[in-house]
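In listed order, ligands and their atoms are each counted from 1. The analysis underlying the following values was restricted to heavy atoms, covering all of them including side chains, and did not include hydrogens, waters or symmetry mates. Nothing fancy with the numbering, it's 1 onward along the sequence.
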Amino acid sequence: MAYDFNKIATSYDRLNHIMTAGMDRLWRRRAAKEALKTARRKTASATNALTHSRTNAFALDVACGTGDMAIELLKRGCAVTGVDLSEEMLAIARRKTASAGFQLSTFNFQLANAEALPFDDASFDAVTSAFGIRNFVHLDKGLAEMARVLKSGGRMVILEMSTPDSALVRPFYNLYTRRIIPWLGSRIAGNREAYTYLPNSIERFPKGEAMLQKLEAVGLRAEQHKFFFGVCRMYVCEKNELMC
Ligand SMILES: C[S@@+](CC[C@H](N)C(=O)[O-])C[C@H]1O[C@@H](n2cnc3c(N)ncnc32)[C@H](O)[C@@H]1O
């Protein structure tokens, strides 16, 4: 069963920024930029780039949570749909995005399961997910759905936490994730259990080559970028253009 994020929705953002010392913001910014690269190229050639300074692209953010990735995509001028399983997280996403001043017609947050996305094939120019896929019950199903709704030639970008590769960094990582994060979770979110689940789920989750193989299995070309000793990984994927 998926972890219920309704329980930690109100403290989620604060704890996230504290735990990563604010780096999560930089990682999302980088992911949004990567996700829209091909969308930008395509709209520039398909339309008059002088009259369309914005991308005119449609992006989907899966497991959008409180909307931080959607906001990064909106800042870059595309329209965004965010989906999540938690109504509490979605409510915060709607409030935050509206108060950041984005036009209501450019974003939409809706309750939906990543493993059965309610969209037609090839509906989106870009698909993103930040720190969401680790929580899917059936990872392969979720990845296949994300790839299905992506247009050919579009990009899918995934951010996910992972364990560092270096044996030198590992003891510090273990101390931080096994002692400090659960303590922060109990102090700030009043929920030690959720933040004990976090390092355990990271430990069990496929990373690097194993993840690249999963992405290739759903028809994407994928590469990974490591941030902060590999504690966070970004998978940048492209769906091949259909040959006519
Ligand atoms: C760690 S939060 C990440 C939130 C946000 N993307 C961010 O950048 O902070 C994980 C989110 O995944 C959502 N989630 C988990 N399983 C899901 C699924 N199968 N479909 C949609 N959302 C899911 C949870 O409800 C939660 O909001």
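- In this structure, Tyr12 and Phe5 have perpendicular ring planes: the angle between them is above 60°, well past the 30° mark.
- Judged as a side-chain hydrogen bond (donor to acceptor under 3.5 Å, both in side chains), and not counting sequence neighbours, the contacts of Asp165 are Lys207, Lys226, Arg233.
- Side chain to side chain, Tyr197 and Asn191 fail the donor-acceptor criterion of an N or O pair below 3.5 Å.
- In this structure, the side-chain hydrogen bond (donor to acceptor under 3.5 Å, both in side chains) partners of Asp13, at least two apart in sequence or on a different chain, are Thr66, Lys96.
- No side-chain donor-acceptor contact under 3.5 Å links Glu115 to the backbone of Lys141.
- Around ligand 1 you find Phe5, Tyr12, Asn16, Arg28, Ala63, Cys64, Gly65, Asp84, Leu85, Ser86, Met89, Ala112, Asn113, Ala114, Ala130, Phe131, Asn135, Phe136, each with a heavy-atom distance below 4.0 Å.
- The ring-ring contact (aromatic ring centres under 6.0 Å, His included) search around Phe124 returns Phe119, not counting sequence neighbours.
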